[in-house]
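Everything on this sheet refers to the single structure shown next.
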Amino acid sequence: MSNDPLFRPLKVGAIELSHRVVMAPLTRMRAAQPGDIPHALNAEYYAQRASKGGLLITEATDITAQAHGYPLVPGIYTRAQMEGWSAVTKAVHAKGGFIFTQLWHVGRISHSSMQPNGALPVAPSAVPASGTHMTAAFETVPFETPRALETHELADIVADFAQAALNARKAGFDGVEVHGANGYLLDQFLRTGSNKRSDRYGGSIENRARLLLEVVDAVIESIGAGRVGVRLSPWGSFNDMYDEDGSLLWEFVISELDKRDIAYLHVIEPRSDFTSDTAPLDANAPDAAASFKALFRGAFISAGGYLPDTARATVANGKADAIAFGRPFISNPDLPERIRVGAELTPHDRSTFYGGGREGYTDYPTMQQTVEV
Ligand code: 8OZ
């Protein structure tokens, strides 16, 4: 057994990882058009980042056309999308890796130019996020006021998540991660800043958590708890999120998830701002892993501005079981191996994060290739 805490096996629900360096979900906006379809370039990108016994989580993936809120992101609700993803999962499995897909509904973080029939985006309440968003044509515009979902529509959204999970398994994914973070639909329901409802999906913490928990229950019913993860961003402010609950909301949600025996909980630390490479980590932010690890018995994955040393220390201290890396995984396809041997990391180029082709996507070198050049 390795002395390095990051390179010890870890049971994550139905799968067993051989190391704890996880690839975080990363929006890259490179699906084939029309149809938001994963294609060969995407398969090459994920395969490059796969490692034996390692876990990749895909970019956030639309569960329906209504869930869509950024140009060029993939879906998992059409046959062509499922075929595209099948090639991705085959390529990752061929390298001995595991891959979960992140199931996404953006809620109010969309624009009518990207909605079916030019409809307004939907949300818990008719409260726009402050600030600007992009249109289908990448123009910057203020957020529109979304349409508040009717109570009877929520059962359809729950069913859409369950169907997407089934589609994911048919496409060869080892499991799914429910995107409950970063100000998208499920987070919009959780938090008082965006949820002003007076039905049983608004008001108390229990009511605001209802949609997320119904989604998780339906996804469990569809593919089994051992193949389900959930991502949360406690106290996160991205996409104009805030709430008035302090720790209580998160303690309630995490305790409820614990009861359901899901494979993992994936928590983003509020100290990190992933939209900037210059903002220092916020030393005064609360520590989500320290606050919540004890409430959850499944695998606990922590994300948020980790470096190899801080990742190792966090797992060694028992504050998390595994660490998700985002930006370092973009620019280091062989990140787990580099961390294992203590190799230098290639810095990333933010200008090629979103949209485009191979550049900044599949052309970052492995250690081997760096030596050869
Ligand atoms: C960055 C750009 C677009 C989307 C998230 C899915 O915040 C995202 C996302 C991040 O979870």
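Along the sequence shown, residues are numbered consecutively beginning with 1. Counting starts at 1 for both ligands and their atoms, in listed order. Small disclaimer: the values here were computed from a predicted structure and weren't measured.
- With hydrogens left out, the protein atom closest to atom 2 (C) of ligand 1 is Y354 OH, 3.7 Å, a heavy atom.
- Salt-bridge annotation for K319 and E269: absent, with no side-chain N of the basic residue lying under 4.0 Å from a carboxylate O of the acidic one.
- When hydrogens are left out, the protein atom nearest atom 11 (O) of ligand 1 is H179 NE2, 2.7 Å; that is the closest non-hydrogen contact.
- Of all protein heavy atoms, the one closest to atom 8 (C) of ligand 1 is Y184 OH, 3.4 Å.
- With hydrogens left out, the protein atom closest to atom 7 (O) of ligand 1 is N182 ND2, 3.0 Å, a heavy atom.
- Ring pair F100/Y264 is tilted by interplanar angle, where 30° to 60° counts as tilted.
- Proximity of F353 to ligand 1 is not established, as no heavy-atom distance is less than 4.0 Å.
- With hydrogens left out, the protein atom closest to atom 6 (C) of ligand 1 is T27 OG1, 3.3 Å, a heavy atom.
- Below 30°, between 30° and 60°, or above 60°: for W104 and Y70 the angle between ring planes is below 30°, a parallel geometry.
- The A60 neighbourhood of ligand 1 comprises atoms 6 (C), with distances under 4.0 Å to a heavy atom of that residue.
- Remark: the T151 side chain and the D199 side chain contain an N/O donor-acceptor pair separated by less than 3.5 Å.
- Nearest to atom 10 (C) of ligand 1 among the protein's heavy atoms is F274 CE1, 3.8 Å.
- Between Y46 and W85, the ring-plane angle classifies as tilted under the 30° and 60° cut-offs.
- Residues D156 and T64 fail the side-chain proximity criterion, which asks for heavy atoms closer than 4.5 Å.
- Contacts with ligand 1 closer than 4.0 Å are made by no heavy atom of E59, backbone or side chain.
- Annotation: K95, atom NZ; neighbour count of heavy atoms from other residues, nucleotides and ligands within 6.0 Å is above 12.
- Shown in contact with F238 at under 4.0 Å from a heavy atom are these atoms of ligand 1, numbered in order with element: 7 (O).
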